[in-house]
Amino acid sequence: MEMTPALVGDALTRLRRAHGQLAGVISMIEDGEDCADVLTQLAAVSRALDRAGFKIVATGLRHCQAARERGDEPPMTEQELEKLFLALA
């Protein structure tokens with residue numbers, strides 16, 4: 001399945017936000033911030049990345065279902081999407 005900004009817009013927004021959060025975590029480490037604070041922010045980045053990945057899989061599911069409803073061959077099988085989903089879990 002081809003990834004386009006129009007197809008995965010919300011996930012792209014989440015990834016951009018996570019990118020900024022990760023830059024903040026790097027700065028915190030470089031500045032010698034407290035370990036607990038760094039790990040709290042790192043956990044937030046991790047959750048943001050996970051949510052973006054799940055959003056992309058959900059978008060793929062909807063895209064494939066719409067193709068089936070139109071009578072077209074979906075770009076991915078359910079097994080392929082399941083494998084991608086499990087890779088995130």
Shared hydrophobic cluster, Leu12 / Leu22 (ILVMFWY, side-chain heavy atoms < 4.5 Å):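 No, no single cluster joins them.
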
Per the ring pair (Phe, Tyr, Trp, His ring centres under 6.0 Å) rule, what does the pair list look like for residues 69-89, sequence neighbours excluded?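 Checked against ring pair (Phe, Tyr, Trp, His ring centres under 6.0 Å) - neighbours excluded - the pairs reaching residues 69-89 are Phe54-Phe85.
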
Counterpart residues, side-chain hydrogen bond (donor to acceptor under 3.5 Å, both in side chains), relative to Gln65 (two or more places apart):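 So Gln65 forms a side-chain hydrogen bond (donor to acceptor under 3.5 Å, both in side chains) with Glu69.
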
With sequence neighbours excluded, residues passing side-chain hydrogen bond (donor to acceptor under 3.5 Å, both in side chains) with Glu30: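 Counting only residues at least two positions away or on another chain, Glu30 forms no side-chain hydrogen bond (donor to acceptor under 3.5 Å, both in side chains).
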
Could you work out, with side-chain contact (heavy atoms from CB on, under 4.5 Å) as the rule, every residue matching Glu78, not counting sequence neighbours?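 For Glu78, the residues satisfying side-chain contact (heavy atoms from CB on, under 4.5 Å) (neighbours in sequence not counted) are Arg68.
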
Measure across [X] and [Y] and return the closest heavy-atom pair with its distance rounded to 0.1 Å.
{"X": "Met76", "Y": "Cys64", "answer": "O-SG, 3.5 Å"}
{"X": "Ala18", "Y": "Leu49", "answer": "CB-CD2, 3.9 Å"}
{"X": "Ile56", "Y": "Ala11", "answer": "CG1-CB, 3.5 Å"}

Residue list, salt bridge (charged side-chain N to carboxylate O under 4.0 Å, His left out) with Arg51, at least two apart or on another chain: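 Salt bridge (charged side-chain N to carboxylate O under 4.0 Å, His left out) check on Arg51 returns nothing, list empty.
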
Pairwise distance CG(Leu81) to NE2(His63) - rounded to 0.5 angstrom: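 Interatomic distance, Leu81 CG to His63 NE2, rounded to 0.5 Å: 10.0 Å.
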
Which pairs would a plain distance check flag for residues 31-46, meaning a side-chain donor or acceptor within less than 3.5 Å of a matching protein atom at least two apart in sequence or in another chain?
from, atom 1, to, atom 2, distance (Å)
Asp34, OD2, Ala36, N, 3.1
Asp34, OD2, Asp37, N, 3.4
Thr40, OG1, Ala36, O, 2.8

Got a sec, which pairs hit side chain to side chain donor-acceptor pair (under 3.5 Å) with one end in residues 11-25, sequence neighbours left out?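 Qualifying pairs, neighbours excluded: Asp10-Arg14.
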
